[in-house]
Every structure is written in structure tokens, then in C-alpha cells.
Colleague: 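Provided herewith is a single structure, encoded as C-alpha cells, for subsequent inquiry.
Heavy-atom basis, side chains included; hydrogens, waters and symmetry copies ignored.
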Amino acid sequence: MAGGTGRYGLIGEHLGHSFSPAIHRQLAGYDYRLIELAPEAVGPFLREGAFDGLNVTIPYKKAVIPYLSELSDQARRTGSVNTIVRRRDGTLYGDNTDYDGFRYLLAEAGIDPAGKKALILGSGGASATVRAVLEDMGAASVVVISRSGADNYHNLDRHRDAAMIINTTPVGMYPHNGVSPVDLAHFPCCEGVADLIYNPARTALLLDAERRGIRRANGLGMLVAQAKVAAERFLDTPLPDRRIGEIARRIEWETRNLMLIGMPGCGKSTVGRLLAERLGRPFVDLDSEIERLAGHPVPTIFAEEGETGFRRWETQALAAASRESGQIIACGGGIVTRPENEDLMRQNSTIVCLRRPLDRLPTDGRPLSQAHSPEALYRQRAPLYARLADLTADNTGTPEATADIILGRLMP
């Protein structure tokens with residue numbers, strides 16, 4: 001179907017940092033550009049034809065339709081195009097591969113809408129695609145929640161029986177992390193949650209679902225799956241389905257923070273710096289960030305504000321650091337003791353707990369370690385470390401050996 005000269009890209013108004021070039025490069029090896037266009041430039045760009053295949057993102061998924069000669073059934077049904085192919089005769093064909101991507105998301109998460117009531121949060125372009133998928137998969141009913149429609153955020157009580165909730169809004173997306181469009185406590189029958197956001201990896205909505213044991217998924221798998229189908233349209237050739245999972249895991253690895261927790265003096269900063277050097281990632285020492293924010297060394301903060309004051313500064317530093325991506329973050333030993341830190345830690349990080357024998361933990365310059373025995377601190381914190389850690393590694397040899405262990409167990 002495609003013309004074959006290999007000119008591909010993504011058009012949108014404000015693209016910022018997009019995963020799409022990396023995804024398409026891994027899928028098929030072709031060059032793929034980010035093309036920011038003002039609204040008045042969309043028509044001329046499409047008419048000039050200096051491309052073979054395009055993906056389309058907001059706000060142009062509907063705006064491109066008048067310039068296309070033919071639409072796929074899904075594009076016509078949803079009124080939304082996210083993939084354009086220049087055919088051999090020069091005409092443009094529009095498709096909606098987001099449809100395929102969302103079906104993949106549900107299948108991978110084990111979320112089956114058949115016979116169930118589903119709520120879609122948001123009435124924008126993605127909402128129609130999600131609705132089409134849910135209806136095709138046999139949902140008993142699909143309700144779209146908007147800010148001002150008949151079904152809105154002020155009368156959600158009428159939908160307490162919803163079994164599925166899908167967020168298609170940007171609420172909770174970076175940099176506005178930590179906000180959820182709804183409280184799952186109001187939906188006692190909910191058994192599946194999907195959030196099309198993938199930055200952060202765990203939105204507040206998904207963290208809420210996780211705590212409740214509800215099946216859940218973010219939008220990364222959908223993004224890669226729709227790109228795979230788009231690449232097949234561009235190249236007019238099938239690509240193996242296994243590439244979706246492989247690429248999604250690679251992107252997760254590259255974008256998730258590695259966050260080191262553990263007792264004071266267990267080697268988090270030393271091992272963290274080694275990991276940052278080996279991976280070419282930024283290193284964040286949270287105690288240094290606390291000192292920068294407070295304008296005082298940690299011992300002075302404890303002396304002047306006590307542990308309560310220090311913990312407030314710590315949460316503030318954690319909130320700023322943890323919403324970013326692809327970093328190595330070394331945390332203080334007591335960060336796990338403040339419940340409000342848990343979601344901040346888990347939203348965008350893989351958490352690694354370092355362990356070292358208590359008799360090998362230094363206490364110099366550590367106010368709490370000097371005021372309390374390592375044994376007392378460990379009794380309090382060990383269950384918290386165990387609950388939060390995605391991986392535990394003993395740091396009893398060299399820091400280099402510990403870094404090797406962590407990378408060997410986590411790298412895809």
C-alpha cells in the first residue's frame with residue numbers, strides 16, 4: 001500500500017518528548033520524524049505529499065479527514081484517524097490503529113468487557129475509539145463521562161455498578177502527577193481499570209486500582225501495539241506480535257527510575273552512582289536534594305526542625321524527583337516510614353532494596369542512627385522495605401558486584 005521511499009513521521013501541534021521515533025525504529029528500522037504543525041499548516045502539509053506514512057496525534061485526528069480519499073471501517077466509525085498511508089496512486093488512506101492498540105491493552109491486562117458495564121472517562125478523540133472496542137467486545141453497556149454531559153463527574157453515583165473504568169483524559173499525566181479523575185472507593189463492583197496515560201507509569205488511578213487488587217494497565221502497551229499495526233500499514237507487510245511486548249519492556253526499562261531504599265549506610269549512594277554511570281542516567285541523591293531545598297545540611301535540619309520537619313522536606317524532594325523518568329534515585333533510610341511517600345515512590349520507579357548486615361552499618365553524621373540502635377530502626381523499617389521493594393539485593397561484596405547483580409536481574 002505504501003509508496004516505499006521511507007518518509008515517515010508523527011504530526012501534531014505540540015509533540016514534546018515522544019516515544020514514537022524509538023518505537024518505530026525498533027519495529028522496522030526506518031527513519032521517523034516528529035513534525036509539529038500549526039492548525040493552518042495541516043492541509044498544505046498533507047497536500048504537498050512529502051511523506052509515505054504518518055501517524056496523527058491530538059488535535060488533528062479529525063482535522064485530517066477531509067484530505068483523505070478513503071477511510072478504513074474503524075476510522076469511519078470512530079471519526080478519528082491516527083494513521084495515514086500514501087498509496088501508489090498518490091491518494092491518502094486513513095486508518096485508526098488506536099483501535100487495535102486498545103484491544104491489545106485489554107487482552108494483555110486480562111480485562112474482558114463482555115457482558116459488563118464500562119465507564120469511559122472523557123469524551124475526546126480517544127473516547128470514541130475506546131467505545132467502539134468495548135462494544136465490539138460485547139460490553140453490556142458503555143457510558144461516557146464528560147464534564148458537562150448528562151453523565152458527568154457530579155452524578156457518578158448512578159454508575160456505582162460499573163465493572164470497568166477507562167480513563168481517556170489527561171488527568172494525572174506528567175507533569176501533573178498524583179491526581180485521579182475518580183475515586184475507586186465509589187465503584188465497589190469495579191474489576192478492571194485502564195488508563196491511556198503512560199507517563200507516569202502508574203497514575204494515581206492505577207495506584208488506587210493496585211491497592212484494591214483490581215486488574216489494571218497503563219497506555220504503553222496500547223502505544224506500541226498501535227505503532228506496530230501502523231508500521232504494517234506503512235510497509236504493507238506483517239510484523240511479529242512478539243515485538244510489541246519486547247519493545248514495551250525495553251521502553252519501560254529505559255524510562256522507569258531505579259530507586260534505591262534500605263537502611264542508612266547500606267551503600268545506596270555508592271551503588272546508585274555506579275548504576276548511573278553504567279547506564280548513562282542522571283543520579284539523584286535525595287539527601288542532597290533535601291539540603292538544597294532547605295538550605296541547610298541534614299544534621300542542622302534535624303537539630304532545628306526535628307525529624308518531623310526533616311520528613312516534610314524529604315517528601316517535597318521526593319515529589320520533585322520521582323515524577324521524572326530514567327533516573328537513579330538514592331533515598332534516605334527512613335523514607336518508607338511516611339505513608340504519603342508510597343505513591344510518590346511507586347508512580348514511576350522500580351524500587352530496589354539494598355541489604356547489609358547491621359553490624360556493618362556506619363552511624364557517623366546520621367542523626368537517627370546515632371539516636372536509635374540499628375536493630376531498633378531495622379525492626380521498624382524491615383516490613384516496609386519488604387512491602388515496597390520490587391527487588392532485594394545484598395550489598396555484602398563490592399559495590400561493583402552489587403550493581404552487576406541489580407542489572408543482571410532487571411535489564412530486559
Side-chain angles (χ1 to χ4, degrees), residues 58 77-80 98-99 101-174 176-223 339-348 387:
I58 55 174
R77 177 181 173 192
T78 60
S80 178
D98 284 335
Y99 179 95
F102 186 63
R103 286 196 73 123
Y104 174 89
L105 180 156
L106 293 179
E108 280 296 292
I111 299 173
D112 183 4
K116 298 167 186 171
K117 178 176 181 176
L119 294 190
I120 302 174
L121 307 181
S123 55
S127 179
T129 300
V130 167
R131 179 170 194 156
V133 171
L134 294 173
E135 290 174 348
D136 288 352
M137 294 181 71
S141 64
V142 181
V143 179
V144 176
I145 306 297
S146 62
R147 284 176 291 185
S148 57
D151 293 293
N152 56 66
Y153 295 94
H154 301 291
N155 58 26
L156 285 173
D157 281 351
R158 68 170 73 172
H159 302 299
R160 287 176 58 84
D161 58 338
M164 293 181 56
I165 296 176
I166 301 93
N167 180 38
T168 69
T169 78
V171 176
M173 184 168 64
Y174 175 88
H176 304 295
N177 304 33
V179 183
S180 180
V182 296
D183 183 347
L184 294 179
H186 299 309
F187 301 96
C189 301
C190 185
E191 57 188 61
V193 173
D195 197 328
L196 303 196
I197 294 168
Y198 50 85
N199 184 14
R202 299 181 182 98
T203 60
L205 178 64
L206 292 179
L207 286 165
D208 191 6
E210 183 177 302
R211 280 190 294 272
R212 299 172 188 277
I214 297 172
R215 290 181 182 271
R216 62 210 171 269
N218 70 14
L220 180 59
M222 176 178 174
L223 177 71
E340 51 264 56
N341 290 344
E342 182 172 338
D343 280 2
L344 297 175
M345 296 171 70
R346 292 188 56 74
Q347 65 179 334
N348 224 17
R387 184 167 59 83

Colleague: Considering all heavy atoms of both residues, which atom of Pro200 and which atom of Gly172 are nearest to each other, and what is their separation?
Modeller: CD-O, 3.4 Å

Colleague: Please test Ile111 against Met164 for side chain to side chain contact (heavy atoms under 4.5 Å, CB included), starting from the C-alpha separation and ending with a verdict.
Modeller: CA-CA 8 Å; Ile111 299 173; Met164 293 181 56; 3.4 Å; yes

Colleague: Examine distances only and state if a side-chain atom of Ser146 and a backbone atom of Gly122 form a donor-acceptor pair shorter than 3.5 Å.
Modeller: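 No, because the side chain of Ser146 does not come within donor-acceptor range (under 3.5 Å) of the backbone of Gly122.
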
Colleague: To the closest 0.5 Å, what do you measure between NE2 (His186) and CZ (Arg160)?
Modeller: 8.0 Å

Colleague: For Arg212, look at atom CZ and say whether over 12 heavy atoms of other residues, nucleotides or ligands are found less than 6.0 Å away.
Modeller: yes

Colleague: Which atoms form the tightest heavy-atom contact between Phe102 and Ala194, and what is the distance?
Modeller: CE1-CB, 4.4 Å

Colleague: Measuring from Asn167:CG to Ile145:CD1, what's the distance to the nearest 0.5 Å?
Modeller: 11.5 Å

Colleague: Under the 3.5 angstrom rule, does the side chain of Ser141 hit a backbone N or O of Lys117 as a donor-acceptor pair?
Modeller: no

Colleague: Can you tell me how far apart CG (Asn199) and CG (Leu220) are? Round to the nearest 0.5 Å.
Modeller: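 Answer for the CG-CG pair, Asn199 versus Leu220, is 10.0 Å.
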
Colleague: One thing to verify: whether Glu342 and Arg211 come together as a salt bridge, which I'm taking to mean a side-chain N less than 4.0 angstrom from a carboxylate O.
Modeller: no

Colleague: Once you round to the nearest 0.5 Å, how far does NE2 of His159 lie from SG of Cys189?
Modeller: 13.5 Å

Colleague: For residues Tyr99 and Asp136, is any side-chain donor paired with an opposing acceptor at under 3.5 Å?
Modeller: yes

Colleague: How long is the gap from CZ on Arg216 to CG on Leu207, to the nearest 0.5 Å?
Modeller: 9.0 Å

Colleague: If only atom types and distance count, is the side chain of Asn218 paired as donor or acceptor with the main-chain N or O of Ile197 below 3.5 Å?
Modeller: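 Side chain of Asn218 to backbone of Ile197: no pair is present.
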
Colleague: For Arg202 and Arg346, which heavy atoms make the closest approach, and how far apart are they?
Modeller: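 Closest approach of Arg202 to Arg346: NH1-O, 2.5 Å.
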
Colleague: Where the side chain of Asp195 meets the backbone of Leu206, is there a donor-acceptor pair that is under 3.5 Å apart?
Modeller: no

Colleague: Go through Leu106 and Leu134 one step at a time and tell me if the side chain to side chain contact (heavy atoms under 4.5 Å, CB included) criterion holds.
Modeller: CA-CA 10 Å; Leu106 293 179; Leu134 294 173; 4.1 Å; yes

Colleague: When rounded to the nearest 0.5 angstrom, what distance separates CG in Asp343 from CG in Asn348?
Modeller: 12.5 Å

Colleague: Quick one: does any side-chain atom of Asn155 pair with a main-chain N or O of Ala150 as donor and acceptor, under 3.5 Å?
Modeller: yes

Colleague: Between the side chains of Asp98 and Thr129, is a donor N or O closer than 3.5 angstrom to an acceptor N or O?
Modeller: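 Judged by distance alone, the side chains do not pair up.
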
Colleague: Within a strict 4.5 Å, meaning less than it, do heavy atoms of the Leu196 and Leu105 side chains meet?
Modeller: yes

Colleague: Of the non-hydrogen atoms in Arg131 and Val142, which two are nearest, and what is the gap between them?
Modeller: NH2-O, 3.7 Å

Colleague: Counting only heavy atoms not in Ile214 (residues, nucleotides, ligands), do more than 12 fall under 6.0 Å from its CD1?
Modeller: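 Yes - once you tally the heavy atoms of other residues, nucleotides and ligands closer than 6.0 Å, there are more than 12.
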
Colleague: For a side chain to side chain contact (heavy atoms under 4.5 Å, CB included) check, start with the C-alpha distance between Val143 and Arg158, then their side-chain angles and the critical distance, and finish with the verdict.
Modeller: CA-CA 11 Å; Val143 179; Arg158 68 170 73 172; over 6 Å; no

Colleague: Report the C-alpha separation of Leu119 and Phe187 in whole Å, then their side-chain angles, then the decisive distance to 0.1 Å, and conclude whether the side chain to side chain contact (heavy atoms under 4.5 Å, CB included) test is met.
Modeller: CA-CA 11 Å; Leu119 294 190; Phe187 301 96; 3.6 Å; yes

Colleague: Grab the two heavy atoms, one from Arg147 and one from Asn152, that are nearest each other, plus how far apart they are.
Modeller: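 Shortest heavy-atom separation between Arg147 and Asn152 comes out as O-CB, 3.8 Å.
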
Colleague: Evaluate the side-chain proximity of Ile165 to Leu121: yes if any heavy-atom separation is below 4.5 Å, no if none is.
Modeller: yes

